[in-house]
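Worksheet for the structure shown next.
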Amino acid sequence: MLLLNEPQQQAVEHTHGALLVLAGAGSGKTRVITSRIARLLHTTPAESIVALTFTNKAAREMRERVVEEVGRKRAKGLIISTFHSLGVRILRQHIERLGYKKNFSIYASADQLRLVRDLLPQRNTSAGKSLDAEMVLQRISSAKNRLIGPDAFTAPAYDEYAQITTHVYPRYQQGLKACNAIDFDDILSLCIELFLNHPKVLQQYRTQFEYIMVDEYQDTNHVQYRLLRELCGPQGNICVVGDDDQSIYGWRGAQAGNILDFEHDFAGARVIKLEQNYRSSANILAAANTLIGHNSTRHDKHLWTNGDEGAPVRYLCCDDGEDEATTIIDEIHTLRSRHNYTYRDFAILYRTNGQSRIFEEQLRFANIPYVLIGGQQFFDRREVRDTLAYLKVLTNPADEVNLLRILNYPRRGIGETTAQRLITLSLEREIPLWDLMQAPDIHTHIGEKAAERVHTFIQLMLRYKRLFNYSDHLLATAQNLFAEIGLEEELYRQADDPKQARRRVENMHEVVNALASYIEREGIATLSGFLEKVSLLDRDEPGRNTKEEKLQQDAVVLMSLHSSKGLEFPCVFLVGMEEGTLPHAKVLEEGGDVTEERRLCYVGITRAREHLILTGATQRKRYGRMHPQQPSRFLTELPQEITNTPEEEPDPEEQEQRATSFFAQMQAMLQQQREQ
DNA sequence: CCGGTATACCTTTTT
DNA sequence: GGTATACCGG
C-alpha cells in the first residue's frame with residue numbers, strides 16, 4: 001500500500017472542525033476520504049459518520065473502497081449515500097409531520113411534466129407559440145433549489161415564463177400533495193422544512209451525525225449547502241472535498257461559490273490543497289493546466305507529477321462524424337496491439353448523449369464490444385414508465401398522474417371522454433379518483449359500458465393491491481400482473497418495427513429483473529422500497545447482475561463528459577472538438593458560461609492516464625443535414641504542439657495495423673451477414 | 001373510441 | 001433523423 005503524501009496525511013489527520021480539501025484532478029482524494037473514514041472508525045461508531053456524494057455510483061465505489069480498507073464488518077452502519085438518498089431516508093421517517101403520507105411517490109421529470117401540462121393555461125406565448133411546460137418546470141425547479149416556495153415566488157417582468165410560473169407553481173405544489181407525491185427537488189427542500197419546523201428532529205440528526213464528509217463539494221447547490229449547515233451545526237466536524245475547476249453543474253443550480261466561500265462560511269476552516277497528480281502523464285497534465293489557465297476566477301492550483309512525459313497528446317481532424325468514429329476504431333486497434341490494452345481501457349467521451357449513436361454503429365460494425373453509460377435514461381423510456389406506473393399506483397392509489405396514465409393502457413376501452421368525466425366528477429364531489437371509481441353510481445355519469453370497464457379495471461387493481469400487501473411473492477405477483485394485463489402483447493401490437501418491439505419488451509422485462517435483483521439484495525423487500533430505489537435513478541442497478549452485462553465487461557466505454565467525472569481510463573478519446581458542440585451552441589447563443597464548457601473539457605482531459613486523443617470533424621450531420629463545423633476554440637488554448645502535429649509518416653508497423661483493422665472489419669461484416 | 005398518417009420541433013449536461 | 005403531438009377516417 002502506497003504511503004500518503006504530506007498534504008494527504010494532514011487531511012486525514014484533521015478530524016475536528018471544518019476542513020476544505022481542494023483536490024485537483026487525480027490527486028488521490030478518494031484515498032484521502034477513505035483513509036479518513038478508516039481513521040475515524042478507530043474512535044467513532046460507524047453510524048455517526050456520513051459521507052455524501054452526488055451519484056449512486058460514487059457512493060457505491062466509496063463504500064467498496066472503505067470495505068477494502070477496514071473490512072465489511074467495521075464498515076457496517078456507515079452512511080455513504082447521495083444527498084437525495086439521505087433525504088428520502090429522512091423523509092420516510094418524518095414526512096407525516098409535513099402532511100404527506102408515508103407511502104408517498106416521487107415524481108421525476110415525466111410525471112412532473114404531465115402535472116404541469118394539465119395546469120398550464122390554454123393560451124399561447126406572446127410569440128404565438130404554445131406554452132412549453134418544460135420552461136415552467138425549470139423555473140419551479142430552480143425556485144425550489146433556492147428554497148423559494150410557491151407563495152414567495154416572484155417573477156421579473158421580462159420573463160414571460162416566470163410570470164406563468166407564478167400561477168402554476170402553487171397549483172403544481174397542491175397537485176403534488178393531492179397525489180401524495182413529492183418531486184425531486186422536494187426531497188431536499190422538504191428536509192429543510194422539516195428541520196426548521198421541528199427542531200427536535202434536527203437535533204436528533206445533529207447528535208447522530210458527528211462527522212460529515214462531502215465529495216464534489218463544488219457541485220452543491222443552495223439547498224444542499226443549507227442542508228449541510230443545518231446538519232452539522234455551528235461547531236460541526238465537516239470535511240468537504242472538491243475542485244472548483246471541475247464544477248460543471250452550474251446549469252443545475254450548483255454554486256461554485258460554495259467552495260470558494262467555504263473558508264469564511266465555516267469559521268476556523270482549514271484548507272489543504274492536493275496538487276500532486278498520480279493519474280496522468282506529464283503531457284496530459286500540461287494540456288490540462290494550459291487549458292484551465294484560461295479561466296480566471298478560481299482557486300489557483302497547478303497539477304504536477306513525478307511521472308514521465310508519456311505519449312504526446314494528439315488532435316485528429318476528421319472529415320465527418322463517421323470518419324471520426326472509424327478513425328478512433330483504427331486508433332483502438334493500433335493502441336491495443338502496441339500496448340496490450342484491453343477494451344475497457346478505452347473511453348470515448350462526448351458533450352451530448354446524442355453523439356454516442358454514430359460510435360455505437362461503427363463499434364458494432366467493427367465487432368468491438370462497448371458499454372453505453374447514461375444516455376436516454378432507462379427509467380424515462382415509455383414502456384418502462386408504463387410498467388412502473390402500475391406499481392406506483394398500487395403502492396400509492398392517490399397517485400392520480402399515474403392512475404390516469406394506466407387507466408387506458410393497455411387499451412381497455414376507457415377513452416379520453418370517460419377520463420375527463422371522471423376527473424370532473426372527482427373535482428365536484430371532492431372525492432379522489434381511486435375512490436370515485438369504486439362508487440356504485442358512476443354509471444349514471446359515464447354510461448353503462450364505460451362504468452363496466454372502469455369496474456373491471458378497479459377490481460383488478462384492488463385484487464393486486466391485496467396480493468402485494470399480503471403475499472410474500474412480490475416477484476411472482478408482479479409477473480402475474482403484467483401477464484394478466486397483457487403488457488407484452490400490447491408492446492408487440494403497438495410497435496411498427498418488430499426489432500423495436502423486442503427492445504421494448506426486453507426493457508419491460510428489465511424492470512422485472514431489477515425488481516428480482518432488488519428482492520435478492522434486500523432483507524425486507526417491499527414494493528415501495530423498490531420504487532424508491534428506482535426513483536432515485538440508480539441507473540446502474542437494472543441489469544447490473546445479468547449475465548449479458550458480465551460478459552460485456554471488457555468493453556470500450558461510451559459516455560458524456562458529465563458522467564465521466566471521477567473516473568479514469570488509460571486511453572481517452574475526447575470527441576467532437578468543434579464550436580457548437582464543445583463549447584455547446586446553446587451556451588454560446590444564450591450568452592451562457594463558456595468557462596463551464598472549458599471546465600467540462602478540462603474534466604475530459606484529466607480522465608486520461610496514458611493516451612489522450614482529441615478529435616473533431618470538418619462537417620457533421622445535424623438534423624439529418626450536413627453542416628460545416630469550425631474547430632473548437634479550446635484547441636487554440638492547448639499547447640501548440642498538439643494541434644500543429646503534421647500527419648506522421650505511416651511506419652511499416654502501422655501499415656500492418658491498418659491491414660489488421662481492415663481484416664477485423666471484414667470479419668465483422670461476414671459475421672453480420674451470417675446473422676441475417 | 002381507435003389507429004393511422006401528417007407535422008412540428010428538436011438536442012445540452014443529471015440527482 | 002427521430003419523436004411527440006394533432007388531426008382525420010373508419
Side-chain angles (χ1 to χ4, degrees), chain A residues 52-59 81-88 106 108-110 113-114 117 129-130 132-134 138 141 144-145 183-188 216 219-221 223-224 247-254 321 349-358 361 373-382 408-420 447 449-450 453 493-494 496-497 500 533-540 559-565 576 580-590 592-593 596-597 599-601 603-604 620-627:
Chain A
L52 295 172
T53 63
F54 278 84
T55 65
N56 295 294
K57 195 181 192 176
S81 80
T82 63
F83 274 93
H84 289 85
S85 304
L86 180 69
V88 171
I106 299 169
S109 51
L113 270 179
R114 188 105 162 200
R117 273 199 197 107
K129 298 204 167 181
S130 65
D132 182 354
E134 262 172 274
Q138 241 176 51
S141 170
K144 286 186 177 182
N145 280 324
D183 70 16
F184 235 83
D185 304 307
D186 284 337
I187 294 176
L188 300 181
E216 310 282 11
D219 290 330
T220 48
N221 62 26
V223 193
Q224 288 159 336
S247 151
I248 53 176
Y249 286 102
W251 53 274
R252 205 172 74 187
L349 308 181
Y350 36 77
R351 173 68 236 263
T352 64
N353 285 307
Q355 289 169 263
S356 73
R357 183 182 203 87
I358 197 154
E361 277 168 15
I373 312 278
Q376 199 203 356
Q377 298 293 302
F378 176 77
F379 291 111
D380 273 348
R381 290 179 200 167
R382 219 192 35 197
N408 197 30
Y409 184 89
R411 296 266 134 93
R412 51 173 69 88
I414 308 175
E416 203 47 45
T417 326
T418 308
Q420 274 313 322
K449 217 168 204 158
R453 290 166 180 156
R493 202 176 329 132
Q494 264 183 356
D496 19 42
D497 168 23
Q500 186 190 45
K533 274 241 179 302
V534 164
S535 303
L536 292 173
L537 292 181
D538 204 340
R539 1 183 240 145
D540 304 325
M559 65 181 143
S560 71
L561 285 165
H562 281 88
S563 30
S564 77
K565 197 170 57 158
T581 303
L582 184 65
H584 195 274
K586 213 73 172 186
V587 175
L588 299 175
E589 282 163 25
E590 292 168 7
D593 188 4
E596 182 156 311
E597 298 289 300
R599 288 192 291 270
L600 208 42
C601 186
V603 165
R620 193 176 285 279
K621 251 186 191 167
R622 259 186 149 160
Y623 308 128
R625 280 278 131 229
M626 267 311 182
H627 212 77

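Below, chains carry the letters A, B, ... as their sequence lines are ordered, and counting in each starts from 1.
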Would you mind telling me which of B/dT13, B/dT15, B/dC1 lies closest to the side-chain atoms of A/T418?
-> B/dC1
With the side chain of A/H562 defined as its heavy atoms from C-beta on, choose the nearest nucleotide among B/dT13, B/dT15, B/dC2.
-> B/dT13
Examine B/dT14: is either OP1 or OP2 under 4.0 Å from a nitrogen or oxygen in the side chain of A/N353? Give yes or no.
-> yes
Would you tell me if any nitrogen or oxygen in the side chain of A/S563 comes within less than 4.0 Å of OP1 or OP2 on B/dT14?
-> yes
If you find the nucleotide of DNA chain B closest to A/N408 and the one closest to A/T55, which residue's nucleotide is nearer the 5' end?
-> A/N408
Between A/S560 and A/R412, which is nearer to the 5' end of DNA chain B once each is assigned its nearest nucleotide?
-> A/R412
Should the ring pair A/H562 and A/W251 be called parallel, tilted or perpendicular, given that the plane angle runs from 0 to 90° and is split at 30 and 60?
-> perpendicular
Would you indicate whether A/R357, at its atom CZ, is surrounded by more than 12 heavy atoms from other residues, nucleotides or ligands within a distance under 6.0 Å?
-> no
Nucleotide [N], atom [atom2] - distance to [atom1] of [X] in whole Å:
{"X": "A/L582", "N": "B/dT11", "atom1": "CG", "atom2": "C1'", "result": "15 Å"}
{"X": "A/Y409", "N": "B/dG3", "atom1": "OH", "atom2": "C1'", "result": "15 Å"}
{"X": "A/K621", "N": "C/dG2", "atom1": "NZ", "atom2": "P", "result": "10 Å"}
{"X": "A/I373", "N": "B/dT15", "atom1": "CD1", "atom2": "P", "result": "12 Å"}
{"X": "A/I414", "N": "B/dC2", "atom1": "CD1", "atom2": "P", "result": "9 Å"}
{"X": "A/E596", "N": "B/dT13", "atom1": "CD", "atom2": "C1'", "result": "8 Å"}
{"X": "A/H584", "N": "B/dT14", "atom1": "NE2", "atom2": "C1'", "result": "15 Å"}
{"X": "A/K533", "N": "B/dT15", "atom1": "NZ", "atom2": "C1'", "result": "14 Å"}

Could you give the distance separating C/dA4 and B/dT13 at their P atoms, to the nearest angstrom?
-> 15 Å
Smallest heavy-atom separation, A/S564 atom then A/L349 atom, equals CB-CD2, 3.8 Å
[X] near the nucleic acid: base, sugar-phosphate alone, or nothing, with a heavy-atom cut-off under 4.0 Å?
{"X": "A/D183", "result": "nothing"}
{"X": "A/Y249", "result": "sugar-phosphate"}
{"X": "A/R357", "result": "sugar-phosphate"}
{"X": "A/T581", "result": "nothing"}

May A/F184 be described as stacking on the base of B/dT15, applying a 5.5 Å centroid limit and a 30° limit on plane angle?
-> no
Taking only Lys NZ, Arg NE, NH1 and NH2, and the carboxylate oxygens of Asp or Glu, determine whether A/R252 and A/D219 approach each other closer than 4.0 Å.
-> no
In terms of side-chain heavy atoms, does A/Q138 have a donor or acceptor partner in A/S141 at a distance below 3.5 Å?
-> no
